Each structure stands twice: as structure tokens, then as C-alpha cells.
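What you see is a predicted model, and the numbers here were worked out from it, not measured in a lab. Residue numbers count from 1 along this sequence. Order of listing sets the numbers, starting from 1, for every ligand and every atom in it.
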Amino acid sequence: MDELRIGERVLAITRGDITRIPADAIVNAANSALVGGGGVDGAIHRAGGPAIMAELRERYGPHRHCPTGSAVVTGAGNLPARWVIHAVGPIWRGGGAGEPELLASAYRTSCELASGLGARTITFPAISTGVYGYPIEEAARVALATVREHLAGETTLERATFVLFSADSYEAFERALTELAAGSAGG
Ligand code: AR6
């Protein structure tokens with residue numbers, strides 16, 4: 001399955017490059033220093049152009065810091081979006097250092113910021129599952145459960161889509177979405 005309905009809203013997964021898919025808000029997997037980097041962060045700044053980094057510098061200063069589990073907003077430059085939400089996921093340290101809570105917090109904060117802006121559609125990468133080493137199966141469960149919970153509450157978001165870059169990450173999210181659907185069907 002690639003979609004779960006939550007009332008009128010939809011939680012979806014798809015394969016692809018997040019910089020190519022239109023959405024009101026695109027979530028980035030950033031670092032606390034908000035200085036850019038590799039992975040999806042590099043792809044977003046490349047595709048979006050220098051305006052995004054310029055805005056980060058201007059709004060949040062040369063010594064900017066975004067705590068792990070939180071997020072900040074900029075415009076989206078040349079990306080097919082209105083906003084980029086730069087979320088900071090945890091570095092995986094074995095799972096006993098609060099990683100699930102911090103990862104959930106990164107997604108929850110992103111959803112709340114997007115809803116505060118009035119966004120109706122949002123796309124996410126699999127935060128923390130690249131350079132930061134978070135195991136994909138566990139990350140997929142946390143990611144989907146957290147965004148589902150947001151979509152079940154008061155929000156402007158109508159559709160939230162995880163854009164998975166690799167076949168492995170797509171398959172992990174597909175399994176986690178199927179589990180989540182079975183869990184909600186069973187009450
Ligand atoms: N579209 C969608 N997903 C992508 C794309 C893309 N274009 N490119 C990579 N991914 P990562 P993290 C996937 O490493 O683990 C950066 O240097 C990738 O396959 O981008 O949160 C930042 O500056 C993986 O599944 O982010 C930070 O320093 C997922 O995106 C640090 O890495 C996340 O991998 C953040 O590490």
C-alpha cells in the first residue's frame with residue numbers, strides 16, 4: 001500500500017527525489033548549525049539555489065543553532081514549493097539516547113510549523129536515516145506514526161507524503177505503513 005486515509009486527510013509514500021515533487025512545504029534533513037551538507041540537504045540547497053542559505057544566514061545569524069528535534073522555516077528558492085522546513089533529526093547512538101523521541105519531535109515540529117503557515121501539502125525525506133545512521137525500519141515506524149497523529153488532529157495539512165530515495169527505504173516505509181494501517185483498523 002502507498003496511502004493511508006485519516007478522515008479526509010492522506011498519509012502517502014512515494015519513491016523519488018524530493019526536490020522534484022511539488023508541495024506547499026518541503027522538509028529538509030538539516031544539521032543543528034544550519035550550514036548545509038550532503039544527502040538531501042545538499043540536494044535541496046543545490047536545487048533551491050543560494051537564496052535559501054542566504055535567508056538562513058540573514059534570519060538566524062552567523063552562529064545559528066537549531067536544537068535536535070526542532071526545525072526552522074525559509075522560503076524555497078527555485079524549488080517547486082513555498083517553504084522549506086529545515087528539521088534536525090538525531091544522530092543514531094544505539095537507541096538509548098532519546099533518539100525515537102527526538103526523531104518524533106523533528107517530524108511533529110515540522111508539521112506544526114507547516115500548519116502554522118497554512119500549508120495543505122507537505123513532503124518529507126526519511127530524516128536521520130542517511131549520514132545520521134538511524135536504522136530505516138525503526139525510523140519509518142516513528143516517522144509514519146508521528147505524522148499520522150498530527151493528521152488526526154487540528155491542522156491545515158491535507159496530504160503528507162514521504163519521498164523515499166532508495167528502494168530499501170521505500171520498502172521499509174511500505175512495511176511500516178501496512179503495519180500502521182492494520183493497527184488502526186484493529187482499533
Ligand atoms: N530526495 C529524497 N531523499 C533523499 C534525497 C533526495 N534528493 N537525497 C538523499 N535522500 P541524509 P540525515 C535520503 O544523510 O541522515 C547532511 O549532511 C537518504 O537516502 O540526507 O538526517 C545534513 O547537512 C536518506 O534516506 O540526512 C546533516 O549534517 C535520507 O534522505 C546530515 O546530513 C536522509 O539522509 C543529516 O543526516
Side-chain angles (χ1 to χ4, degrees), residues 2 11-50 52-57 60 62-74 76-81 83-95 97-111 121-144 146-147 159-177:
D2 60 3
L11 176 59
I13 60 173
T14 189
R15 259 201 85 177
D17 175 348
I18 201 168
T19 66
R20 310 293 292 254
I21 298 177
D24 292 338
I26 295 178
V27 176
N28 182 18
N31 52 65
S32 283
L34 303 171
V35 291
V40 71
D41 197 3
I44 281 174
H45 283 282
R46 267 195 308 279
I52 298 175
M53 188 57 73
E55 188 178 341
L56 282 170
R57 235 181 263 121
Y60 305 106
H63 306 295
R64 54 194 177 278
H65 177 81
C66 179
T68 301
S70 192
V72 302
V73 180
T74 64
N78 302 323
L79 289 166
W83 303 285
V84 175
I85 299 175
H86 305 265
V88 183
I91 298 171
W92 180 256
R93 300 182 199 280
E99 294 93 331
E101 293 77 13
L102 289 165
L103 186 61
S105 172
Y107 283 111
R108 196 164 45 240
T109 307
S110 298
C111 289
T121 58
I122 188 169
T123 53
F124 300 94
I127 297 172
S128 287
T129 66
V131 174
Y132 282 1
Y134 206 119
I136 188 74
E137 302 281 342
E138 295 165 43
R141 279 189 218 114
V142 171
L144 289 168
T146 305
V147 175
R159 187 178 184 89
T161 305
F162 285 85
V163 181
L164 290 322
F165 203 50
S166 70
D168 283 358
S169 55
Y170 181 83
E171 283 158 21
F173 270 73
E174 195 174 33
R175 284 190 290 276
L177 189 64

Participant: Against ligand 1, does Asp17 come closer than 4.0 Å with any heavy atom?
Facilitator: yes
Participant: Which atoms from ligand 1 have a heavy atom of Asp41 less than 4.0 Å away?
Facilitator: 22 (C), 23 (O)
Participant: Between Ser32 (side chain only) and Cys66 (backbone N and O only), is there a donor and an acceptor less than 3.5 Å apart?
Facilitator: yes
Participant: Below 4.0 Å from any atom of ligand 1, is there a heavy atom belonging to Ser169?
Facilitator: no
Participant: Taking heavy atoms and a distance under 4.0 Å, where does Val131 meet ligand 1: side chain, backbone, both or neither?
Facilitator: both
Participant: Between Asp24 (side chain) and Thr121 (backbone), is there a donor-acceptor pair under 3.5 Å?
Facilitator: yes
Participant: Which of these passes side chain to side chain contact (heavy atoms under 4.5 Å, CB included) with Val72: Thr109, Val84, Ile85, Leu56?
Facilitator: Leu56
Participant: Considering Phe162, Tyr132, Phe173, Phe124 one by one, which has a heavy atom nearer to atom 27 (C) of ligand 1 than any of the others?
Facilitator: Tyr132
Participant: Where is the tightest heavy-atom contact between Asp41 and Ala30, given as atom of each residue plus distance?
Facilitator: OD2-CA, 3.8 Å
Participant: Could you list which atoms of ligand 1 come closer than 4.0 Å to a heavy atom of Gly36?
Facilitator: 23 (O)
Participant: Run Asp168 and Ser166 through side chain to side chain donor-acceptor pair (under 3.5 Å) and show every step you take.
Facilitator: CA-CA 5 Å; Asp168 283 358; Ser166 70; 5.6 Å; no
Participant: Mark yes or no for whether Thr161, through its side chain, and Ala12, through its backbone, hold a donor-acceptor pair below 3.5 Å.
Facilitator: no
Participant: Tell me which protein heavy atom sits closest to atom 20 (O) of ligand 1, plus the residue, atom name and distance to 0.1 Å.
Facilitator: Val40 N, 2.8 Å
Participant: Heavy-atom distances under 4.0 Å decide this one: backbone, side chain, both or neither, for Ala43 against ligand 1?
Facilitator: side chain
Participant: What are the atoms of ligand 1, with element, lying closer than 4.0 Å to any heavy atom of Ala126?
Facilitator: 29 (C), 33 (C)
Participant: Do me a favour and list the nearest non-hydrogen protein atom to atom 21 (O) of ligand 1 with residue, atom name and distance?
Facilitator: Ser128 N, 2.8 Å
Participant: For atom 1 (N) of ligand 1, what's the nearest protein heavy-atom neighbour? Residue, atom name and distance, please.
Facilitator: Ile18 N, 3.0 Å
Participant: Should the pair Tyr107 and Phe124 be assigned to parallel (<30°), tilted (30 to 60°) or perpendicular (>60°) ring geometry?
Facilitator: perpendicular
Participant: To check your reading of the model: name the closest protein heavy atom to atom 13 (C) of ligand 1, its residue, and the distance in Å.
Facilitator: Phe165 CB, 4.0 Å
Participant: Suppose we measure from atom 15 (O) of ligand 1 to each protein heavy atom; which comes out shortest, and what is that distance?
Facilitator: Gly130 N, 2.8 Å
Participant: Is the side chain of Asn31 donor-acceptor paired with the backbone N or O of Gly36 at a distance under 3.5 Å, no angle test?
Facilitator: yes
Participant: If the cut-off is 4.0 Å to any non-hydrogen atom of Asn31, which atoms of ligand 1 fall inside it?
Facilitator: 22 (C), 23 (O), 27 (C), 28 (O)
Participant: Are the side chain of Ser105 and the backbone N or O of Glu101 linked by a donor-acceptor pair below 3.5 Å?
Facilitator: no
Participant: State whether the side chain of Thr146 and the backbone N or O of Val142 hold a donor-acceptor pair below 3.5 Å, judged by distance alone.
Facilitator: yes
Participant: Is Ser166 near ligand 1, meaning one of its heavy atoms is under 4.0 Å from it?
Facilitator: no
Participant: Taking Thr19 for its side chain and Ile44 for its backbone only, find out whether a donor-acceptor pair lies under 3.5 Å.
Facilitator: no
Participant: Considering only the protein, which heavy-atom contact is closest to atom 26 (O) of ligand 1, and what is its distance?
Facilitator: Ala29 CB, 3.7 Å
Participant: Which ligand 1 atoms are under 4.0 Å away from a heavy-atom of Gly37?
Facilitator: 17 (O), 23 (O)
Participant: Measure the distance from atom 25 (O) of ligand 1 to every protein heavy atom, then report the residue, atom name and distance (to 0.1 Å) of the closest one.
Facilitator: Thr129 OG1, 2.8 Å
Participant: Measure from atom 18 (C) of ligand 1 to the protein's non-hydrogen atoms and state whether any distance is below 4.0 Å.
Facilitator: no
Participant: Does the side chain of Glu174 come within less than 4.5 Å of Leu164's, by heavy atoms?
Facilitator: no
Participant: When only distance counts, is Gly38 in polar contact with ligand 1, meaning an N/O pair under 3.5 Å?
Facilitator: yes
